[in-house]
Amino acid sequence: MHRLRLLILCRWVLVFGIAVVSGAAGDDRPRLLVLTDIGGDPDDQQSLIRLLVHSNEFDIEGLIASASGTPGELRERVTRPDLIRQLVAAYGEVRPNLIRHAPGFPAAEQLLSVVKAGNPNRGREFIGAEHETEGSQWIIACADKPDPRPLHVVIWGGQTDLAQALWRVRHDRSPADFARFLSRLRVFDIDDQDRIQSWIFHEFPDLFYILSKAPPGRDKREGAYRGMYLGGEQSLSSLAWLNEHVREGHGPLGALYPPRTWTAPNPHSALKEGDTPSWFFFLPTGLSDPEHPEWGGWGGRYVRQEAGLFRDAPDTVEGETDPRAAVWRWRPAFQNQFAARMDWCVATDFSRANHNPVARLNGDASRQIVTLSARGGQTVTLSSAGSSDPDGQPLVSRWWIYREAGTCTEPASLSAQTGLETSLTLPAVKEPATIHVVLELTDQGTPPLTSYRRAIIQVQP
């Protein structure tokens with residue numbers, strides 16, 4: 001049995017390329033630092049539970065409790081790192097089962113060591129001299145690590161601690177050193193809760209910054225991140241779904257998943273997770289590239305507004321054109337993924353749960369985007385031959401063109417939407433353009449799991 005488990009572990013390492021030791025040389029997982037206003041709306045606990053069962057996919061370097069709640073929501077100004085520790089402790093109880101299904105899940109002690117407290121106050125008046133916090137100093141320390149990977153900072157609440165870190169480094173270092181510091185950061189901000197994003201952009205216009213927020217003058221519920229629970233098939237966000245797949249019979253971590261929050265006009269008032277798209281955006285799925293927000297993925301799609309700032313962009317799905325559709329279009333897949341990982345929390349043997357298939361695209365088994373180049377009139381062939389499933393399940397390949405992600409405006413179509421192979425005869429273009437083709441490879445397990453690959457065809461005149 002020990003030998004079998006070792007072989008399974010090696011297979012996962014070889015297939016997914018995941019380093020087991022956090023921060024080890026050659027670790028290509030995204031570095032992640034979370035700022036959470038945990039302690040207000042319980043959707044932060046919801047998002048953190050989902051992140052913890054995906055924690056093997058990241059190198060989590062910080063879990064910072066910023067000011068709890070939204071401005072004016074709570075009677076007192078507090079931070080709640082204790083709530084983070086509670087969930088991490090429950091994660092520690094199920095980790096022995098999680099690592100039976102995939103390597104790389106960090107020890108609970110490692111995660112506890114990066115839990116920090118931020119500023120209970122928020123806003124521009126709390127940025128500057130004598131406003132350092134444990135959280136702002138930790139952001140600086142993480143960004144200063146001699147690591148070639150960028151530091152992905154996801155903001156579930158307020159940005160005050162990040163703004164303080166930026167202010168301090170600019171104040172203390174030369175312009176060249178500060179520019180190097182800034183270049184290491186990739187920020188995803190949910191809704192500008194501290195209302196200082198415009199100040200941050202004015203002061204630091206070169207910072208890579210995604211702001212997911214409804215446009216000025218529009219209903220606040222139109223922000224792309226709300227596609228996590230608005231639009232699409234909303235039964236997947238119901239309490240019945242949560243009870244079956246997360247809260248009941250899935251161990252102590254799932255039992256802590258809050259059953260109710262505010263989701264109107266979603267009628268279920270259960271799963272919200274408005275912050276989850278921030279880290280979905282950086283999750284390596286084979287579908288997206290965080291350096292190209294305009295290409296889209298589980299966390300939505302974003303276009304450059306000016307300088308380093310990206311804002312919500314709409315996708316058209318089932319006749320609906322909406323930035324939220326760029327998130328909810330993936331809901332069946334990411335909910336099945338969540339359900340499977342919650343199964344891992346209690347499945348004591350690899351064979352007792354489902355696991356993602358390995359998608360090959362034109363022989364490439366990595367999760368990198370494949371780029372091809374051809375001239376208009378030529379035919380490009382794409383193949384999923386050689387794809388496999390660790391559980392031996394039958395696989396179904398689905399192919400489609402992600403039109404919003406590409407730049408080609410000429411009509412193009414695939415020879416087949418299903419099957420091992422498809423082809424695309426490229427249209428004639430006057431200027432170079434791109435066509436994005438997505439492969440969705442789905443197994444027949446319970447729940448069915450989908451892996452992705454993307455091909456970008458560069459169409460030449």
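Any value given below was found using the heavy atoms of this structure, including those in side chains, with hydrogens, waters and symmetry copies removed.
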Hey, does the Lys NZ or Arg CZ of R29 hover above the aromatic six-ring of F58, less than 6.0 Å from the centre and inside 45° of the axis?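 No.
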
Between [X] and [Y], what is the shortest heavy-atom contact and its length?
X    : Y    : result
C345 : L98  : SG-CD2, 4.0 Å
P81  : A117 : CG-CB, 4.2 Å
A270 : T261 : O-CG2, 3.1 Å
A365 : V358 : O-CG1, 4.3 Å
G69  : Q193 : O-OE1, 4.2 Å
L151 : C142 : CD2-CB, 3.8 Å

Validation row: [X], [Y] side chains within 4.5 angstrom (heavy atoms):
X    : Y    : result
M342 : V53  : yes
V94  : P252 : yes
L185 : L166 : yes
E93  : L253 : no
S237 : T263 : no
D37  : T79  : no
M228 : F280 : yes
L162 : V187 : yes

Once you round to the nearest 0.5 Å, how far does [atom1] of [X] lie from [atom2] of [Y]?
X    : Y    : atom1 : atom2 : result
L236 : H245 : CG    : NE2   : 8.5 Å
S278 : D191 : OG    : CG    : 12.0 Å
E61  : L33  : CD    : CG    : 7.5 Å
Q197 : H202 : CD    : NE2   : 12.5 Å
E294 : T407 : CD    : OG1   : 10.0 Å
H250 : D343 : NE2   : CG    : 4.0 Å

Under a 4.0 Å threshold between the charged nitrogen and the carboxylate oxygen, would [Y] count as salt-bridged to [X]?
X    : Y    : value
D147 : K145 : no
E132 : R168 : yes
E57  : R341 : yes
R329 : E320 : no
D349 : R100 : no
D27  : R149 : yes
R360 : D364 : no
D44  : K272 : no

Tell me if a side-chain donor or acceptor on [X] pairs with a main-chain N or O of [Y] at a distance below 3.5 Å.
X    : Y    : result
D192 : R195 : yes
T434 : I456 : no
H292 : P290 : no
N56  : G104 : no
E440 : T450 : no
R221 : R218 : no
E273 : Y229 : no
Q159 : D194 : yes
E233 : R331 : no
R367 : P284 : yes

When you check the side-chain N and O atoms of [X] and [Y], is any donor under 3.5 Å from an acceptor?
X    : Y    : answer
N97  : T348 : no
D443 : N354 : yes
D289 : Q368 : no

- Query: Crowded around R352 CZ? As in, over 12 foreign heavy atoms under 6.0 Å?
  - Reply: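 Check fails, neighbour count at 12 or below.
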
In terms of ring plane angle, is the pair [X] and [Y] parallel, tilted or perpendicular, where the classes change at 30° and 60°?
X    : Y    : result
F178 : F181 : parallel
Y257 : F338 : tilted
W298 : F334 : perpendicular
W330 : W400 : tilted
Y91  : F105 : tilted
F282 : H152 : tilted
F350 : H101 : parallel

Take R453 and V438, measure what side chain to side chain contact (heavy atoms under 4.5 Å, CB included) needs, and give me the verdict at the end.
CA-CA 6 Å; R453 298 301 302 276; V438 174; over 6 Å; no

- Begin from the C-alpha positions of D161 and K116 and carry the test salt bridge (charged side-chain N to carboxylate O under 4.0 Å, His left out) through to its verdict. CA-CA 11 Å; D161 291 287; K116 309 294 177 182; over 6 Å; no

After noting the C-alpha distance and the side-chain angles of V317 and E404, does the key distance pass the side chain to side chain contact (heavy atoms under 4.5 Å, CB included) rule?
-> CA-CA 11 Å; V317 186; E404 293 90 345; 5.8 Å; no

Notebook entry, point to check: Does the separation of the ring centres of W279 and H54 fall below 6.0 angstrom?
Noted result: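 Yes - the distance between ring centres of W279 and H54 falls below the 6.0 Å cut-off.
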
- Verify the ring-centre separation between Y302 and Y209: is it less than 6.0 angstrom?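 For Y209 and Y302, the ring centres are not under 6.0 Å apart.
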
V115, L87, I38 screened by side-chain contact (heavy atoms from CB on, under 4.5 Å) with L63, the one that passes: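 Checked V115, L87, I38 against L63; only one passes side-chain contact (heavy atoms from CB on, under 4.5 Å): V115.
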
The single option from F281, F208, F310, Y225 passing ring pair (Phe, Tyr, Trp, His ring centres under 6.0 Å) against F188 =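 Going through the options one by one, the only one that passes is F281.
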
* **W241 and H268: CA distance, side-chain angles, deciding distance, ring-ring contact (aromatic ring centres under 6.0 Å, His included) verdict** => CA-CA 10 Å; W241 189 95; H268 296 293; over 10 Å; no

